[in-house]
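Letters A, B, ... are given to chains in the order of the sequence lines, protein chains preceding strands, and every chain is numbered from 1.
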Number of protein chains: 2
Amino acid sequence: MNNRSHRAFKEQLYDQFVRIGRALANPHRLELLDLLAQSERTVEDLAHEAGMSVANASQHLQTLRAAQLVEVRRDGLYGYYRLADDSVFRLWQAIRDVGETRLAEVERVVRTFLDDRDSLQAVSAEELVELLHDDRVIVLDVRPAEEYRAGHIPGARCLPVAELEARLRELPKNREIIAYCRGPYCVFADEAVALLRAHGYRARRFAQGLPDWRVAGLPVERLEGDEP
Amino acid sequence: MNNRSHRAFKEQLYDQFVRIGRALANPHRLELLDLLAQSERTVEDLAHEAGMSVANASQHLQTLRAAQLVEVRRDGLYGYYRLADDSVFRLWQAIRDVGETRLAEVERVVRTFLDDRDSLQAVSAEELVELLHDDRVIVLDVRPAEEYRAGHIPGARCLPVAELEARLRELPKNREIIAYCRGPYCVFADEAVALLRAHGYRARRFAQGLPDWRVAGLPVERLEGDEP
DNA sequence: CGATTATTCAATTATTATATTGAATATATG
DNA sequence: CATATATTCAATATAATAATTGAATAATCG
């Protein structure tokens with residue numbers, strides 16, 4: 001291959017890969033990817049959770065779709081968006097990892113909003129694998145029930161953090177509780193652990209989230225009769 | 001945490017992570033990252049190889065630096081840029097992986113410029129690990145010598161593809177040759193294999209590149225007395 | 001010191017990205 | 001069939017990004 005066509009080849013390749021880069025160049029789109037990593041969701045639902053207008057969310061989802069990072073399934077009035085495949089979540093993981101490793105501001109933001117995070121004694125995936133078979137431990141999925149239905153750690157109980165305080169009596173105090181949620185920067189598990197401890201429970205959080213657990217090749221359970 | 005501060009937290013987090021996304025939103029910057037994955041290089045050198053003006057390359061490198069994806073070391077008149085750490089290469093790998101998995105156009109571009117690629121019978125990292133200890137095999141690093149010096153597969157010979165034809169007599173015909181280069185989309189190894197076969201050698205290429213080998217935790221050799 | 005060289009800076013122009021708004025589309029429901 | 005609803009589309013104004021140009025810096029070398 002001569003120099004000119006070599007350069008043309010590289011330009012065409014990078015022009016393709018940059019479609020992915022461009023799709024990642026907006027904070028709303030990153031948040032959408034983060035939400036979609038949990039379960040498929042409708043446009044309006046995503047717009048509401050991410051604090052943006054429906055039209056704006058729709059446009060960003062179309063941008064993500066153009067880069068093939070998400071897919072959509074139509075059902076009646078609704079469009080259910082989902083991540084295209086696990087490679088997309090791994091890409092988001094890679095960004096998170098660079099941010100954690102390289103951007104001091106990420107840690108600063110976390111410290112500002114969650115000042116006593118170190119005290120939560122996060123449990124690693126390896127530790128959690130062991131604890132799954134320990135009947136002195138309860139694993140709690142504190143995400144919204146929808147996301148639990150879309151996939152959860154085998155044996156975990158569904159108890160969304162919003163309902164936790166009202167349903168505390170369901171949890172025995174003689175067992176340690178490991179709460180998990182969407183990911184390392186999700187506050188649900190942090191809040192659950194704080195609440196549980198305030199009520200006299202022994203509690204810790206899983207360091208990561210359900211999608212990280214899944215792409216690590218660890219087992220995920222799904223309730224029957226739900227959407228594929 | 002109340003809803004308002006929860007949203008502020010998320011916004012500040014995604015605003016940080018998107019610094020990384022934005023840095024990846026330009027084809028020249030992707031190419032610069034790809035080149036820097038091999039070895040540190042000067043601005044002028046990078047500009048020349050990536051076919052851009054020096055001022056433009058300098059600006060893009062500064063953008064990458066602002067996102068903490070690259071670092072620079074000054075030595076006299078020169079600034080030597082390098083990837084900040086392995087997490088940055090893994091991020092580029094993740095983009096490549098999504099592109100390969102999701103973008104049909106990537107495969108189309110590869111087919112257009114390298115039409116008989118399947119015939120190269122690429123060797124996986126696992127296979128190559130075995131072949132390293134096989135004395136019927138020669139492993140050939142066909143990248144520029146600079147990149148070989150910055151790190152190569154133990155036992156590999158340095159024979160840049162540009163010099164290959166002139167130095168064919170250095171290679172015995174009774175041994176199989178495995179050529180490797182910068183990565184899966186680099187044409188150096190493809191060209192080396194084609195040339196070698198045309199001269200009666202048995203030759204295949206390594207499917208990936210040296211940086212992929214390195215971050216897979218496989219051994220890398222470095223010549224003494226070179227830059228850190 | 002003056003000339004050379006690698007790199008960065010600053011200004012300019014063209015292009016692209018973004019959020020908002022209101023309308024359009026299409027499906028479901030009574 | 002009329003209404004309601006979820007989503008998309010189109011137009012617009014604003015902001016961010018990018019390449020080019022020529023000048024400015026700063027280190028090296030004769």
Side-chain angles (χ1 to χ4, degrees), chain A residues 7 10-11 14-33 35-36 39-67 69-82 146 227, chain B residues 7 10-11 14-33 35-36 39-67 69-82 146 227:
Chain A
R7 179 108 294 275
K10 290 180 91 176
E11 270 174 22
Y14 292 114
D15 279 351
Q16 289 303 320
F17 288 121
V18 85
R19 292 168 60 191
I20 299 163
R22 282 196 223 279
L24 303 171
N26 178 282
H28 288 309
R29 289 198 292 270
L30 292 186
E31 181 164 7
L32 291 171
L33 290 178
L35 290 169
L36 291 172
S39 64
E40 62 170 22
R41 300 182 72 159
T42 66
V43 180
E44 191 176 38
D45 190 22
L46 289 163
H48 178 254
E49 172 126 10
M52 51 206 295
S53 76
V54 172
N56 198 16
S58 174
Q59 281 187 149
H60 281 302
L61 287 164
Q62 284 172 74
T63 301
L64 289 170
R65 197 150 80 105
L69 303 189
V70 306
E71 289 174 341
V72 63
R73 162 179 83 80
R74 307 278 169 191
D75 185 13
L77 280 175
Y78 300 89
Y80 290 90
Y81 281 86
R82 60 171 179 275
E146 283 273 334
E227 285 305 333
Chain B
R7 180 107 295 274
K10 290 179 92 176
E11 270 175 21
Y14 292 114
D15 279 351
Q16 288 304 320
F17 288 121
V18 85
R19 292 169 60 192
I20 299 163
R22 282 197 222 280
L24 303 171
N26 178 283
H28 288 308
R29 289 199 291 269
L30 292 186
E31 182 165 6
L32 290 172
L33 290 177
L35 289 169
L36 291 171
S39 65
E40 61 170 20
R41 300 182 73 159
T42 65
V43 180
E44 192 176 37
D45 191 23
L46 288 163
H48 179 254
E49 172 126 10
M52 52 205 297
S53 76
V54 171
N56 199 15
S58 175
Q59 281 187 149
H60 281 303
L61 287 164
Q62 284 172 74
T63 301
L64 289 171
R65 197 151 80 105
L69 302 189
V70 306
E71 289 174 341
V72 64
R73 160 179 85 79
R74 307 280 169 189
D75 184 14
L77 279 175
Y78 301 88
Y80 290 89
Y81 281 84
R82 60 170 178 276
E146 283 273 333
E227 286 305 334

| First encountered from the 5' end of DNA chain D, between A:Val54 and B:Met52 | A:Val54
| said: Nearest heavy atom decides the nucleotide; on that basis, is A:Arg41 or B:Asn26 closer to the 5' end of DNA chain D? | reply: A:Arg41
| said: Pairing donors with acceptors under 3.5 angstrom, does anything connect the side chains of B:Thr63 and B:Gln59? | reply: no
Between [X] ([atom1]) and [N] ([atom2]), how many Å, whole number?
X       : N      : atom1 : atom2 : value
B:Arg19 : D:dT17 : CZ    : C1'   : 17 Å
A:Arg73 : C:dT27 : CZ    : P     : 15 Å
A:Asn56 : C:dA17 : CG    : C1'   : 11 Å
A:Leu32 : C:dA19 : CG    : P     : 11 Å
B:Leu46 : C:dT8  : CG    : P     : 11 Å
B:Leu64 : D:dT17 : CG    : C1'   : 14 Å
B:Leu61 : C:dC9  : CG    : P     : 12 Å
A:Asp45 : D:dT5  : CG    : C1'   : 15 Å

| remark: B:Val18 and A:Pro27 have their tightest heavy-atom pair at CG2-N, 3.4 Å
| note | CG (A:Leu32) and CG (A:Asn26) are apart, to the nearest 0.5 Å, by 8.5 Å
| How do A:Ala55 and A:Ala25 order along DNA chain C: which one's closest nucleotide is nearer the 5' end? | A:Ala25
Side-chain N or O of [X] closer than 4.0 Å to phosphate OP1/OP2 of [N]:
X       : N      : result
A:Tyr81 : D:dT8  : yes
A:Arg74 : D:dT8  : yes
B:His60 : D:dA19 : yes
A:Gln62 : D:dC9  : yes
B:Ser58 : C:dT8  : yes

| task | Please work out if A:Thr42 contacts a base, only the sugar-phosphate, or nothing of the nucleic acid, heavy-atom cut-off 4.0 Å. | result | sugar-phosphate
| request: Mind checking B:Arg29 for me? I need base, sugar-phosphate or nothing, with any heavy atom below 4.0 Å counting as a touch. | output: sugar-phosphate
| query | Do B:Arg7 and A:Glu49 pass the salt bridge (charged side-chain N to carboxylate O under 4.0 Å, His left out) test, and can you show the C-alpha distance, the side-chain angles, and the key distance before you say yes or no? | reply | CA-CA 9 Å; B:Arg7 180 107 295 274; A:Glu49 172 126 10; over 6 Å; no
| said: Taking CD in A:Glu146 as the centre, count heavy atoms belonging to other residues, nucleotides or ligands within less than 6.0 Å. Is the count above 12? | reply: no
| If you check the B:Arg22 side chain, which of C:dA19, D:dT20, D:dT17 turns out closest? | D:dT17
| query | Between C:dT7, C:dA28, C:dT20, which one does the side chain of A:Leu77 approach most closely? | reply | C:dA28
